[in-house]
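So the structure is just underneath, and the comments pick up after that.
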There are 2 protein chains.
Amino acid sequence: MTVDVKEVQEKLSVNNYKMTSQRKLILKIIMNNEGKHLSAEEIYAKVKEANPGIGLATVYRTLELFSELGVIHQLNFDDNCRRYELDHGEDHHHHLICVKCGEITEFNDYILEEFEEDIEKEHNFIVSDHRIKFYGYCGNCQ
Amino acid sequence: MTVDVKEVQEKLSVNNYKMTSQRKLILKIIMNNEGKHLSAEEIYAKVKEANPGIGLATVYRTLELFSELGVIHQLNFDDNCRRYELDHGEDHHHHLICVKCGEITEFNDYILEEFEEDIEKEHNFIVSDHRIKFYGYCGNCQ
DNA sequence: AAATCAATGATAATGATTATCAATATTATG
DNA sequence: CATAATATTGATAATCATTATCATTGATTT
Ligand SMILES: [Mn+2]
Ligand SMILES: [Mn+2]
Ligand SMILES: [Zn+2]
Ligand SMILES: [Zn+2]
């Protein structure tokens, strides 16, 4: 379930998109910063280090495109900007959010299988994805 | 765990805030629209019906205040505005989000108790709250 | 090479939220 | 009661993340 450039290239071409140098760079930035949950602006800053000519609009467009293709997905940590991380499909994780310092910790998801089935039956709803956030106090902030 | 006006009045006065007519009206709008997950603008529209003189800023301020006091909490359904609902403390619920039509369905939360304990031990994190969203297809959209 | 289509960069526009500030209401004080 | 002090409000301006626009550039096809 690890994402690699080749796989994304495939996804792009299947959908008649091209792997441009800008898109490749943005992808690499995201891959090299797993667990950092970068925002568009933060990605833009890093992207400019490698290619100062790149435009902010391209970053936003690429993030939108990668989201559509399921390469990445958006996160919301209540800090009024969207954040992004690679979409690892099945073996995904969720987040602990420290309400004091804002630190984000990841934890693996493994418990919701049977719960999903209950939900599907009880509400006639076909679950395709889910997201869990725990709020509380990290080690430093207790 | 049902929220009522008197209780909120108490919370306000304990923290040296006053229950003004505007605040009471906004609270009632939210209480009379349980399950609707109104945004600030939507609340503003309903508030104006009863009191056309009220300002949008007051709505935002009041929502902020109520959030701080734990009377309500924010929701994010990925539609680029914040939505609000009463905070029922312990007996809370979570949301199913139809990715096709956007319908929101509520479901009760009862499974995460033991999971929380695991999390707390494994990550040295004291959980105070959590939020779950399931994405998928509602009955109409399957 | 010319024509066609996709992608980009610069920049303007949008829209939700926040900040400002003068006016008004409420409470405390003499 | 009158007045000072404080809290709240409404109007409006500012902010800032995100989107839209559009001319330019790059790639692909004929
Ligand atoms: Mn993560
Ligand atoms: Mn709800
Ligand atoms: Zn912390
Ligand atoms: Zn639906």
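Keep in mind that what you see is a predicted model, and the values were worked out from it rather than measured. Numbers restart at 1 for each chain; the letters A, B, ... are given by sequence-line order, proteins then strands.
DNA chain C is contacted by both B/Tyr84 and B/Arg61; B/Tyr84 maps to the nucleotide lying nearer its 5′ end (nearest heavy atom per residue).
In the set C/dG9, C/dA6, C/dT27, the nucleotide with an atom closest to the side chain of A/Lys18 is C/dA6. Closest to the side chain of B/Tyr17, from the set D/dT8, C/dG9, D/dA17, is D/dT8. Considering only the side chain of A/Cys81, D/dT18 comes nearest among D/dT18, C/dA19, C/dA16. Nearest nucleotide to the side chain of B/Arg82, out of D/dG10, C/dT17, C/dT8: C/dT17. Among D/dT18, C/dT27, D/dG10, the nucleotide with an atom closest to any side-chain atom of A/Glu41 is D/dT18. Comparing C/dG9, D/dT8, C/dT17 against the side chain of B/Ala40 picks out C/dT17 as the nearest.
Between B/Phe107 and A/Phe115, the ring-plane angle classifies as perpendicular under the 30° and 60° cut-offs. Ring orientation note: the planes of A/His95 and A/Phe77 are nearly perpendicular, at an angle over 60° on the 30°/60° scale.
The CD-P distance, from A/Gln74 to D/dA17, rounds to 15 Å in whole Å. The CG atom of B/Asp79 sits 14 Å away from the P atom of D/dT18 (whole-angstrom rounding). Atom-to-atom, CG of B/Leu56 to C1' of C/dT18 comes out at 11 Å; the value is rounded to the nearest Å. Atom CD of A/Glu68 and atom C1' of D/dT19 are 14 Å apart (whole Å). One interatomic measurement links the two molecules: CG of B/Leu63 to P of C/dA16, which rounds to 14 Å at whole-angstrom precision. Put simply, CD1 on B/Ile26 is 8 Å from P on D/dG10, counting in whole angstrom units. The nearest whole Å value for the distance from the CG atom in A/Asn15 to the P atom in C/dC5 is 19 Å. One atom, OH of A/Tyr60, and another, C1' of C/dT8, lie 17 Å apart when rounded to the nearest Å.
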### side chain to side chain contact (heavy atoms under 4.5 Å, CB included) evaluation trace for A/Lys48 with A/Tyr44
CA-CA 6 Å; A/Lys48 288 202 88 147; A/Tyr44 178 56; 3.0 Å; yes

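Salt-bridge check for B/Arg83 with B/Glu42: passed, with a basic side-chain N closer than 4.0 Å to an acidic carboxylate O.
Of the side-chain N and O atoms in B/Thr58, one or more sit less than 4.0 angstrom from OP1 or OP2 of D/dG10. OP1 or OP2 of C/dT8 sits under 4.0 Å from a side-chain N or O of A/Thr20.
Of the possible donor and acceptor atoms, one in the side chain of A/Arg23 sits under 3.5 Å from a partner among the backbone N and O of A/Lys18.
Using a 4.0 Å heavy-atom criterion, one finds that B/Gln22 contacts the sugar-phosphate atoms exclusively.
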